[in-house]
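When a residue number appears, it is its place in the shown sequence, counting from 1.
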Amino acid sequence: HALSGQGAFLRISPELPLKRFIVGGFDKVFTICQNFRNEGIDRSHNPEFTMLEWYEAYTDYEDQMARFEQLVSSVVEQVTGSPRIEYEGVELDFTPPWRRITVLGGLRDAGIEPDSLGEEELRRELEARKIEPPKPFTWGHAVALLFAELVERSIVQPTFVCDHPVEISPLTKKKRGDDRLVERFEPVVMGMELGNAYSELTDPVEQRARFEAQR
């Protein structure tokens, strides 16, 4: 759509084939491949990009945060000779462990109490800040948009953003102790997301219900 609707021949996402390997008995699998998304184009999004994607049995998002920060820190050090690099005049330190914040905690630090706001209050909050409300409009979509606009863009050093709303994470296990959220993280540096991962939802009944709720 971003390229005037021109024709394109695209490969499918690597996610389902890799998950079939896990189901078939492989404990760890990965691929480095081209990916395509029918989305817009901006400084941090391109319809075609190369991605490393991996899956690992018997782990959750806590294990994968540790793996991600170790991997990135190691690559940075091997390429540059140090876990610290300079980017746009800012020194970035990729030494583990990285800082962790939650979506709700980040909003509280920004002066918003998401726990006490319903959908209508969130809509008014967005309108007051001249932020276009999301479609569909739900508590989770509004919370995620407010976090992206008010908190994520200001993150500089490597940080894990954790525990997103369930409405925007249909393939993810619910957060233990809070059914509004899921066990998901996004590593963010200089306001840009470097990845996305989560504890995989493995309950087929709940998965069907999540998909039906998105219709």
Side-chain angles (χ1 to χ4, degrees), residues 13-23 26-37 39 43-46 48-88 90-107 109 144 147-148 151-166 168-178 181-202:
S13 166
E15 180 172 354
L16 292 181
L18 288 175
K19 286 182 175 178
R20 290 190 180 101
F21 279 111
I22 294 291
V23 172
F26 289 81
D27 290 347
K28 302 176 183 180
V29 293
F30 78 94
T31 185
I32 299 175
C33 65
Q34 291 298 104
N35 280 254
F36 303 89
R37 296 287 187 271
E39 299 173 352
R43 65 185 293 267
S44 62
H45 293 86
N46 193 54
E48 178 183 352
F49 56 96
T50 302
M51 179 172 70
L52 164 63
E53 184 159 345
W54 76 81
Y55 294 89
E56 182 176 354
Y58 316 114
T59 68
D60 63 10
Y61 77 147
E62 294 282 353
D63 300 289
Q64 293 310 316
M65 275 188 271
R67 187 173 297 285
F68 190 96
E69 65 188 2
Q70 290 165 2
L71 172 65
V72 174
S73 176
S74 174
V75 169
V76 170
E77 187 163 5
Q78 290 186 44
V79 171
T80 69
S82 170
R84 297 180 179 85
I85 63 172
E86 185 172 310
Y87 178 76
E88 294 186 350
V90 177
E91 183 181 76
L92 301 174
D93 187 356
F94 288 90
T95 305
W98 296 359
R99 174 184 177 227
R100 298 186 185 187
I101 64 171
T102 65
V103 170
L104 298 188
L107 284 175
D109 291 342
F147 180 88
V151 183
E152 184 173 290
R153 292 182 178 181
S154 65
I155 294 174
V156 176
Q157 296 297 328
T159 300
F160 288 120
V161 175
C162 308
D163 303 344
H164 297 66
V166 67
I168 65 168
S169 312
L171 303 175
T172 311
K173 272 186 179 176
K174 287 183 179 178
K175 171 74 175 175
R176 282 163 275 196
D178 193 336
L181 309 175
V182 293
E183 296 186 350
R184 173 182 171 187
F185 72 84
E186 292 179 330
V188 177
V189 181
M190 292 291 286
M192 294 188 292
E193 299 167 7
L194 300 188
N196 176 51
Y198 41 81
S199 300
E200 295 282 348
L201 176 58
T202 55

Residues which pass side chain to side chain donor-acceptor pair (under 3.5 Å) with E152, listed by chain and number, not counting sequence neighbours: none

Pairing residues for E62 by the side-chain contact (heavy atoms from CB on, under 4.5 Å) criterion, not counting sequence neighbours: D60, M65, R100

Atom pair OG (S74) and CZ (F94), whose distance is rounded to the nearest 0.5 Å: 13.0 Å

Residues which pass side-chain contact (heavy atoms from CB on, under 4.5 Å) with P97, listed by chain and number, not counting sequence neighbours: E69

ring-ring contact (aromatic ring centres under 6.0 Å, His included) partners of F26, counting only residues at least two apart: F21

Residue list, side-chain contact (heavy atoms from CB on, under 4.5 Å) with E88, at least two apart or on another chain: R43, M190

4.5 Å side-chain heavy-atom contact, V189 and V72: no

Qualifying residues under side chain to side chain donor-acceptor pair (under 3.5 Å), relative to S169, sequence neighbours excluded: R184

Where D93 and T95 come nearest, the two heavy atoms and their spacing: OD1-OG1, 2.6 Å

Min side-chain heavy-atom separation V182-V166 under 4.5 Å: yes

E193 to V188 - nearest heavy-atom pair and separation: CG-CG2, 4.1 Å

Non-hydrogen atoms of V103 and F147 that approach each other most closely: O-CD1, 3.4 Å

Heavy-atom closest pair, residues A144 and I168: CB-CD1, 3.6 Å

Distance, nearest 0.5 Å, that separates CD of E200 from NZ of K173: 9.0 Å

By ring-ring contact (aromatic ring centres under 6.0 Å, His included) - contacts of F185 (at least two apart): F160

Any donor-acceptor N/O pair, T159 side chain to Q157 backbone, under 3.5 Å: yes

Spacing of CG belonging to L18 relative to OH belonging to Y55, to within rounding of 0.5 Å: 6.0 Å

Side-chain donor/acceptor of N35 to backbone N/O of C33, under 3.5 Å: yes

Set of side chain to side chain donor-acceptor pair (under 3.5 Å) partners for E48, sequence neighbours left out: Q34

Closest non-hydrogen atom pair, H164 against V161: CE1-O, 3.2 Å

Any pair counted as salt bridge (Lys or Arg N to Asp or Glu O under 4.0 Å), so long as it reaches residues 70-83, sequence neighbours left out: none

Nearest heavy atoms of P187 and G195, plus distance in Å: CD-O, 3.3 Å

Any side-chain heavy-atom pair of T102 and L181 under 4.5 Å: no

Side-chain touch D109/I101, heavy atoms, less than 4.5 angstrom: no

All side chain to side chain donor-acceptor pair (under 3.5 Å) counterparts of T31, not counting sequence neighbours: none

CZ/F49: more than 12 non-hydrogen atoms of other groups inside 6.0 Å: yes

Any Y61 side-chain heavy atom under 4.5 Å of T172 side chain: no

Salt bridge (Lys or Arg N to Asp or Glu O under 4.0 Å) partners for K175, two or more places apart: D163

Chi angles and distances behind the side-chain contact (heavy atoms from CB on, under 4.5 Å) call for L92, V76: CA-CA 11 Å; L92 301 174; V76 170; over 6 Å; no

side-chain contact (heavy atoms from CB on, under 4.5 Å) partners for R67, two or more places apart: K28, W54, E56, Q64

